[in-house]
Amino acid sequence: MALGLRQAKFLLMCDFDGTLFDSMPSKAEAMYRMFVERYPEVVGDRAVIVECFMDNGGHSTADMIEATAKCLGVRPSADEMKVMRDRYWDHEKPLVRVHGGFFQDTEELAGLASHGVAVAITTGTRHEDLRELVAEANLRHVFSFIGGFSTRREEQGRPFTKGRAHLEFIARRLKGRVPPIYYYGDSVRDIHVAKEVGAKK
């Protein structure tokens with residue numbers, strides 16, 4: 001069982017996408033399908049689209065679409081961009097589930113509870129999607145806290161992003177007591193977040 005936050009000697013805050021869960025191949029495929037749907041003439045440019053997507057991973061969906069459009073030499077209007085963003089999301093969610101994503105390092109994380117370590121997922125992934133993926137993978141026992149973009153009524157308008165907002169929410173649950181923190185991520189942005197929340201490493 002996951003260690004209760006109030007019993008933890010240490011708190012390990014984990015990024016999700018790219019650290020515990022590899023969704024990049026599925027997302028790249030969603031980007032390809034969306035562009036082919038809008039611009040059938042780029043059907044032979046899969047390698048270009050995938051490479052551009054990988055180069056811009058971690059940016060917003062709109063930024064990735066804009067960058068990919070530039071690589072392909074097409075110029076969607078602002079209204080077209082919104083439609084393309086929505087179609088990308090329509091493709092993305094089922095593809096992530098079909099491809100599995102494969103959670104990484106969870107056996108090791110599950111074992112940390114016996115050493116007094118609570119493990120929390122803190123990410124910009126939608127809260128509902130995150131909880132569903134953890135449940136589908138039968139990994140609820142690994143994590144003491146799971147937080148993505150909030151779906152709680154009291155948190156509407158204040159989406160959880162990586163960093164301080166998560167820590168403040170956890171602190172409320174702990175009634176102000178936050179154990180020493182370590183952060184597990186895969187990007188330069190994660191290093192900044194780790195510093196922001198006062199992580200040890």
Which pair of non-hydrogen atoms, one from P76 and one from A69, has the smallest distance, and what is that distance? CD-CB, 3.8 Å
Give a yes or no on whether V42 and M54 share a hydrophobic cluster (residues Ile, Leu, Val, Met, Phe, Trp, Tyr; joining criterion: side-chain heavy atoms under 4.5 Å apart). yes
Between K93 and E132, is there a side-chain heavy-atom distance shorter than 4.5 Å? yes
Mind checking the CG-NE2 spacing from L3 to H115? Nearest 0.5 Å is all I need. 11.5 Å
Within 6.0 Å of CD in E41, more than 12 heavy atoms from elsewhere: yes
Atom of M34, atom of Y88 and distance for their closest heavy-atom approach: CG-N, 3.7 Å
To the nearest 0.5 Å, what is the distance between OG on S144 and CG on L11? 8.0 Å
Report yes or no: does E80 contribute a side-chain atom to a donor-acceptor pair with the main-chain N or O of S77 at less than 3.5 Å? yes
For I65 and F35 the tightest heavy-atom approach is O-CZ, 3.5 Å
With a 4.5 Å limit on heavy-atom distance, are the side chains of L20 and Y184 in contact? yes
In the single-linkage hydrophobic clustering (I, L, V, M, F, W, Y; side-chain heavy atoms under 4.5 Å), do F53 and W89 co-cluster? yes
For M13 and I181, which heavy atoms make the closest approach, and how far apart are they? SD-CG2, 3.6 Å
Side chains of E136 and V134, heavy atoms from C-beta outward: is any pair under 4.5 Å? no
Any side-chain to backbone donor/acceptor pair from Y32 onto V43? Under 3.5 Å, distance only. yes
Using side-chain heavy atoms (C-beta onward) and a distance below 4.5 Å, is E29 in contact with R46? yes
Spacing of CG belonging to L109 relative to CG belonging to L139, to within rounding of 0.5 Å: 9.5 Å
Interatomic distance, F10 atom CZ to L112 atom CG [nearest 0.5 angstrom]: 11.0 Å
Could you please spell out the steps behind the side-chain contact (heavy atoms from CB on, under 4.5 Å) verdict for E92 and T61? CA-CA 11 Å; E92 178 200 44; T61 300; over 6 Å; no
Using 0.5 Å steps for rounding, measure from the CD1 atom of I121 to the CZ atom of F143. 3.5 Å
Does Y183 reach the side chain of T122, with side-chain heavy atoms less than 4.5 Å apart? yes
Give the ring-plane orientation class for F16 versus F21, where under 30° counts as parallel, over 60° as perpendicular and anything between as tilted. parallel
S23 side chain to S26 main-chain N or O, any donor-acceptor pair under 3.5 Å? no
Say whether V74 and M31 are linked into one hydrophobic cluster, either directly or through other cluster members, by side-chain heavy-atom distances under 4.5 angstrom. yes
Taking every heavy atom of V178 against every heavy atom of L174, the minimum-distance pair comes out as CA-CD1, 4.0 Å
Side-chain contact test, heavy atoms from C-beta onward, threshold under 4.5 Å: evaluate it for I49 versus C71 and give yes or no. no
Atom CZ of R177 with >12 non-hydrogen neighbours under 6.0 angstrom: yes
Could you state the interatomic distance from CD (E37) to CG (D90), rounded to the nearest 0.5 Å? 8.5 Å
side-chain contact (heavy atoms from CB on, under 4.5 Å) between L72 and K70, worked out: CA-CA 5 Å; L72 294 170; K70 187 175 181 180; over 6 Å; no
Heavy-atom closest pair, residues R140 and A135: NH2-CB, 3.2 Å
